[in-house]
Amino acid sequence: MLPYTEQSVQLMHEGSLALAQVEHDGIRMDVGYLKGAIKKTERRIARLERRLEKSEVCVEWKKAYGSKMKLGSDEQLGKVLFDRMGFKSPGKTESGQHKADESSLAKVDHPFIQDYLKVKKLKKALSTNLNGLLALTVDEYLHPTFSLHVTKTYRSSSEAPNFQNQPVRNEMLAELIRRAFVARPGNHLVELDYSGLEVNIAACYHKDPTMLEYLGDETKDMHRDCAMDLYMLEQEEVTKQIRYYGKNGFVFPEFYGDWYIDCARALWEAIDKSHLVTASGTPLREHLASKGIRRLGALVPGEKPVKGTFEYHVCKVERHFWEDRFPVYAQWRKDWFTQYQKKGWFLTKTGFICQGYMKKNEAINYPVQGSAFHCLLWSLTRLVLQELPKKKMKALIVGQIHDSIVADVPPEELDDFLALAQHVMTTLLMSIWDWIIVPLKIEADVSPIGGSWVDKKPYDLSGIAKPRVRKKWKRYEPGTPEWMSYWKAHPEDQEEMVNYTRRIK
DNA sequence: AAACAGTGCGCG
DNA sequence: AAAGCGCGCACTGTTT
């Protein structure tokens, strides 16, 4: 794995400097809150554990293991539930233990399970997040490390703590943990993220015309369209939640190389788990029944799905997805992998070599994942090393999560900062990398003054961030002495100029 | 006591 | 033919 072009070497070097600055500045923590949350969570866990101990499962557990019994041991619990108490095993792990992850245990119909899973979640939050964060906080500040030399894909990684996996999807955990991350006194905490960055970057590789149309037209929505196919709905019947499962239960998994058997299972389970209902109020299960689909299907690899099952239906949707909707994308995946097999390596759009043994899905995903992150890295670097110091701004970038930037911004700089960041992350970035052939967009979330990471609310960028257009350089003819001297005096405009000359050609 | 493998789970 | 990708961290149970 090597940077291959001069530009990619520079990206790594300057990126390292920028991330070192981010690490140095650090993010402010509400230590008082953290300590209180730890106490509260410890009490909650203790309360729940006392309840667990009264359960018949625990009685049986104690009988089997005596003093060796450990409430945190999934291996022990599996043996108690599935060997001794006769519940049906959800399957085995690689080493032959009973599986005991959340979705496996959830299939066991016993009141013990719900509390056990809740305790497990809280214990993880307490040890990894609350206690972990407190232990790493120094004088009210946390300094996560961001590395560029770790991953196979040329993404970054983060450690001590890992800033990139703090809970957000689970509302209870997000509330508990993210409240500890706060803005510096008097400031806003700001998060800027690229919308659908990996999908956009993938499109720059495969250039599927249907996909380019989806990405270039705000009124089009592929996740909604696929949700319509999957759950056999009219457009108006697709709720936000149903769209969510179309996106995260099918579209993204398919892009990354998943297949209909796993998607069908997840989509089917989502119906009950989230009590999915159409926009007009019909339970989704009922709606599917009215279309003749009442069963999930066997989901056995190698066996043909049975007509009339959900499995059969999702299989058909998958075929339609790749053969009719995105055939060029499908062809690119084949060609890209074939090329890799011939050469043993490939080059990313951002100038990095990936080599070594790769499976098909890996060879297809690495270039996209890496290049997408490099959009973020270039933007962050530009802001940290050039734009913010040049404008003598006090705003600081304090973290980064693959396709988003977390910043700590004084109120008087907020609009300037957002305008600048948007300009760098979209216009300027697209002008230096001409392989970006789709419009990149960002979204902003801003906390109230002195607020925390959970308090951030969507912030309307439409009014603010029209980058100021400089007319000056348009007067100079490229190549003339005036043009050259302006170029030298304004190196920051170099990219804009390159883009300008490219466009007028 | 330290190191290692296996499992599970948090994020994009 | 093969069927999601990438990470870091904590915990259990075993080996060194």
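In the text below, chain A, chain B and the rest are named by the order of the sequence lines, each starting its count at 1.
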Exercise. Hey, what's the ring geometry for A:Phe321 with A:Phe326, parallel, tilted or perpendicular (30° and 60° as the breaks)?
Worked result: perpendicular
Exercise. Can you say whether the rings of A:Trp268 and A:Phe310 are parallel (under 30°), tilted (30 to 60°) or perpendicular (over 60°)?
Worked result: tilted
Exercise. Going by modelled atom types, is there a donor-acceptor pair between the base of C:dC5 and the side chain of A:Glu362 at under 3.5 Å?
Worked result: no
Using a 4.0 Å heavy-atom cut-off across all strands, classify [X] as base, sugar-phosphate, or nothing.
{"X": "A:Ala100", "value": "sugar-phosphate"}
{"X": "A:Lys360", "value": "nothing"}
{"X": "A:Ser158", "value": "sugar-phosphate"}
{"X": "A:Asn129", "value": "nothing"}
{"X": "A:Glu198", "value": "nothing"}
{"X": "A:Lys99", "value": "sugar-phosphate"}
{"X": "A:Asn165", "value": "base"}
{"X": "A:Gln76", "value": "sugar-phosphate"}
{"X": "A:Val168", "value": "sugar-phosphate"}
{"X": "A:Ala160", "value": "sugar-phosphate"}

Exercise. Does a donor on one side chain and an acceptor on the other come within less than 3.5 Å for A:Asp208 and A:Tyr214?
Worked result: no
Exercise. Atom CD of A:Gln97 and atom P of C:dT12: how far apart are they, to the nearest Å?
Worked result: 13 Å
For this session: Starting from the 5' end of DNA chain C, give me the residue, A:Glu159 or A:Arg155, whose nearest nucleotide shows up first.
Result: A:Arg155
Problem set entry | Separation between NE2 of A:His320 and SG of A:Cys315, rounded to the nearest 0.5 Å | 13.5 Å
Exercise. When rounded to the nearest 0.5 angstrom, what distance separates CG in A:Asp101 from OG1 in A:Thr93?
Worked result: 10.0 Å
Problem set entry | Geometric cation-pi criterion, A:Arg84 with A:Trp61: 6.0 Å, 45° | no
Problem set entry | Aromatic A:Tyr205 / basic A:Lys349 pairing, under 6.0 angstrom, 45° off normal | yes
For this session: Can you tell me which stems DNA chain C forms, taking runs of 3 or more consecutive Watson-Crick or G-U pairs with both distances under 3.5 Å?
Result: B:1-12 with C:5-16
